[in-house]
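First up is the structure itself, then whatever we jot down about it.
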Amino acid sequence: MLSTLFHARALILFLLFFNLFLLNPGMIKGQETGFDNEFFEDGFNGDSHLHEFEEESGLTIVGTRQTSQQMAVINREDIEQQGANDLAGLLQDVLALNIARYGAYGNQTSIHLRGHSSKRVVFLIDGVPANSAMDGGFDINQIDLSSIERIEVIYGGSDTKFNVSGAMGGVINIVTIKKHNQGWRFSGSVSNTSAMPGEYRGRSGERQSRHWEDLFDTQNFAFSAAYGSSEAYDGAAFGNGFSFRGGVFANHAENHFLFTDSFNHLRRKDNNEVWDAGANASFVWESEDHASLIASTNFYYGDKNIPATGFSSIFGTQEDFISRQTIMFDMPRAGHDDFATEASLTWQFAKMDYTSPADDLSRHNQHSLSAINRWVWYPGGRLTLRSGFDYRFINLDSTDIGNRSRHDGGIYLTTEIKPLEEFQLIPSVKAVFTSSGSAKFQEHITFVPKLGLLWNVTDSISLKNNYFRSFKFPEFEDLYWEGGYGTGNPDLRPEDGWGADLGAEWKFKNLLTLESTFFSQWMKDSIHWYSGSGGVWRPENVGEAVFFGLDNSICFNIPVSIGPLKEVSPSLTYKYLRSFLLSFGYTFDSGKKIPYNPEHTIGGSISISWIIESLYSGSLIISGHYESVRYEDRANLAELEPYFLLNAAVNQEISSNITAFVSLLNILNTSYESFYRYPMPGITLTLGMRINIDMGRNND
């Protein structure tokens, strides 16, 4: 095993030096080609072939636009028009994803894809993994919505677009805003969210009067400044062009809202105040050969009160600090027209200090260094080879885990073959490795294969098919935790599984998109904590489960010309998920479902856009989200009731630079729990304003 690991590391070093050689500026050949925002033409062996490269997408430039995987994209316009308060709310409203959260803004949140929670979904920021090395989760609050350009969601464990490890349920890539056109641009937003005040019962049963200060429950502030140049600067010191951007944001949430408890008494949430703030900056340099150097930095700080339960007077405090610095280099032509490559180096520091109600301090400091290199080679018109590697070093210093470190990563090779112009085969394999100190699998290499099939039946109909293995190493918390009433298990095995999906997509011009995907997945050795003798919690590889599901969506874009109305876009999503827990003595006949996964999820919306006096645009989005019964425990005894949410958001330009927005969430004032015994807010009203001042110059 040690010999195998040595050869794997030797291959990584070879690929690294090979690509560094390609990145040598002296190897770049000057080219004069037609270029626009979506694609450019390349000449190969005397022939002209058209290849699509994704613009401004961080580490996705050498990814394919059309893949065999089920994908969804949320763009900047969707983010601004939707009126969501955070990333979780946005994904729930737009894509009907299932969310389990402990309360309103700033609280712990898990986003589910195909039945898998956040720790089994890989979150990327500009193509770089950002999940916590301690518990596998992802803090959605570290990224402000105003800094996001788009969000790419890949469903299932069949990812060959980013080729990251540990994606049991899928991948969510958050692409931040970086590149800007010529001139200065200033943007900002400010908003206030009101919770509806009312009379309620206190903890002792006494009747309490309205708290009118709840009308000013949550405030948000964001500001950014950017400058771009597409011309030489001071004697071409910056090559063909450069741009930079800096932004800050801050939030204050009292998280006071009324809710109905299990005894049908109206209560008021308290002891859950959140203060947080962040800053980000990026610099982009572009050469005349379309090579790009991108440097970015991000900071986040949060100060949060964490209630012991949803309505407890006892609470702890938590301080979060996250810092991330990344440098990326992309070359659409790496020394030759047939090659493209990209590389990144990211350092991240994450600190979490939790003080319990008994004033016991639990501190966790994480350092991680990630290196990623991807390249693509076009040897012929019907063959594309993609390869690369990723490496991550992690060090964790924790009061409950100790001082631990780990090396992990992988090498992959993907081949895209077109035996016919309409048909594509995409076989792929990745060798993932880890070296994790005292764990049972301290020197471990596993091969993760995948086969994708894509058939463009007609110009408007596509069929997609995937067969894949999903694989994930245990987290530090699972292996080494020692604190409270829990203890880790260094003898854990990695989580493993196999899956397949079959999808069809039909597009009728730009008027209609219909998509349907059937998927199934078998998972074994899933890690679960449970209480053993003496009430001590310990993780074991006791989880085996099977998932079956159907994901359907239909979207219309109907142009209209009735007065100021310009477009009406209704959409409907239906997700069916049937899970079977096959552990703890359960079988298919037992019919036990995986906790927090509803069998039926329905999402729908209607978007209406208009232009007033041919100058000022506006939009109205009305959306609904329904989830059927969920279960809190594996025995399916504790039910979370079905719920339906109705939301509305209005955006209206009031001048060329100012847009006012209003969002009304949970209009029906539904009383529900997203996570067991943690109530969610009733009706809330957000009023805000966005300012965009573009001082750019028009190119001749």
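One N or O on the side chain of Asn131 and one on the backbone of Gly136 form a donor-acceptor pair closer than 3.5 Å. Using modelled atom types, no side-chain atom of Glu505 and backbone atom of Leu463 make a donor-acceptor pair closer than 3.5 Å. The backbone N or O of Ala291 lies less than 3.5 Å from no partner atom in the side chain of Asp330, so there is not a single donor-acceptor pair. Distance alone, capped at 3.5 Å, places no donor-acceptor pair between the Arg150 side chain and the Ile174 backbone. A donor-acceptor pair is defined here as one N or O able to donate and one able to accept, closer than 3.5 Å; no such pair exists between the side chain of Ser165 and the backbone of Val432. Of the possible donor and acceptor atoms, none in the side chain of Asp93 sits under 3.5 Å from a partner among the backbone N and O of Leu90. Under the 3.5 Å distance criterion, the side-chain polar atoms of Arg469 are matched with a main-chain donor or acceptor of Phe447. Side chain of Gln81 to backbone of Asp78: no donor-acceptor contact under 3.5 angstrom is found. Within the 3.5 Å criterion, the main-chain N or O of Ile111 finds a donor-acceptor partner in the side chain of Ser118.
Summarising the geometry, atom CH2 belonging to Trp506 is positioned 7.0 Å from atom OG belonging to Ser460; distances are rounded to the nearest 0.5 Å. Rounded to the nearest 0.5 angstrom, Lys119 NZ and Met168 CE are separated by 11.0 Å. Annotation: the span from Ile372 atom CD1 to Phe162 atom CZ amounts to 10.0 Å, rounded to 0.5 Å. Expressed to the nearest 0.5 Å, how far CZ of Phe471 lies from CD of Glu495 amounts to 9.5 Å. Interatomic distance, Leu425 CG to Leu451 CG, rounded to the nearest 0.5 Å: 6.5 Å. In this structure, Leu454 CG and Ser462 OG are separated by 6.0 Å, a value rounded to the nearest 0.5 Å.
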Stepwise side-chain hydrogen bond (donor to acceptor under 3.5 Å, both in side chains) test for Asp126 and Thr176: CA-CA 7 Å; Asp126 297 322; Thr176 59; 2.8 Å; yes
Verdict with reasoning, Val171 to Val164, per side chain to side chain contact (heavy atoms under 4.5 Å, CB included): CA-CA 8 Å; Val171 175; Val164 290; 4.0 Å; yes
Residue pair Thr446, Lys430: steps toward the side-chain hydrogen bond (donor to acceptor under 3.5 Å, both in side chains) verdict: CA-CA 8 Å; Thr446 300; Lys430 182 173 184 179; over 6 Å; no
Candidate pair Gln325 and Thr346, rule side-chain hydrogen bond (donor to acceptor under 3.5 Å, both in side chains), full reasoning: CA-CA 6 Å; Gln325 284 75 43; Thr346 300; over 6 Å; no
Stepwise side-chain hydrogen bond (donor to acceptor under 3.5 Å, both in side chains) check, Ser470 with Gln521: CA-CA 9 Å; Ser470 50; Gln521 190 170 3; 3.0 Å; yes
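With a 4.5 Å cut-off on side-chain heavy atoms, Arg386 and Arg374 do not count as touching. The closest side-chain heavy-atom distance from Tyr155 to Asp551 is below 4.5 Å. Contact check for Ser516 versus Leu550: side-chain heavy atoms found under the 4.5 Å cut-off. Inter-residue side-chain proximity for Lys450 and Gln69 is flagged as met; some heavy-atom pair is nearer than 4.5 Å. Taking the side chain as every heavy atom from C-beta outward, Leu385 and Val376 never approach each other to under 4.5 Å.
Comment: Arg382 engages Glu421 in a salt bridge, judged by a side-chain N to carboxylate O separation of less than 4.0 angstrom. Using a cut-off of 4.0 Å between Lys/Arg side-chain N and Asp/Glu carboxylate O, Lys418 and Glu416 are scored as not salt-bridged. Between Arg406 and Asp408 a salt bridge is recorded (basic side-chain N to carboxylate O distance below 4.0 Å). Between Lys509 and Asp459, no side-chain nitrogen of the basic residue sits less than 4.0 Å from a carboxylate oxygen of the acidic one, so the salt-bridge criterion is not met.
Remark: aromatic rings of Trp184 and Phe244 are close, center separation under 6.0 Å. The aromatic ring centres of Phe339 and Trp377 sit less than 6.0 Å apart. When ring centroids are compared, Phe433 and His407 stay outside the 6.0 Å threshold.
Side chains of Ser405 and Asn395: a donor-acceptor N/O pair is absent below 3.5 angstrom, by distance only. Side-chain contact, Gln348 with Ser323: no donor N or O sits under 3.5 Å from an acceptor N or O. A donor atom on one side chain and an acceptor atom on the other are not found under 3.5 Å apart for Asp501 and Thr517. Side-chain contact, Asn466 with Ser68: a donor N or O sits under 3.5 Å from an acceptor N or O. Side-chain polar atoms of Lys161 and Thr414 form no donor-acceptor pair below 3.5 angstrom. The closest side-chain donor-acceptor pair between Asn280 and Arg245 falls under 3.5 angstrom.
Annotation: cation-pi geometry satisfied between Arg114 and Phe519 (NZ/CZ under 6.0 angstrom from ring centroid, within 45° of ring axis).
Relative ring orientation between Trp347 and His367 is described as tilted, the plane-to-plane angle lying within the 30° to 60° band.
Annotation for Trp522: atom CH2 counts as buried by contact number, over 12 foreign heavy atoms lying within 6.0 Å.
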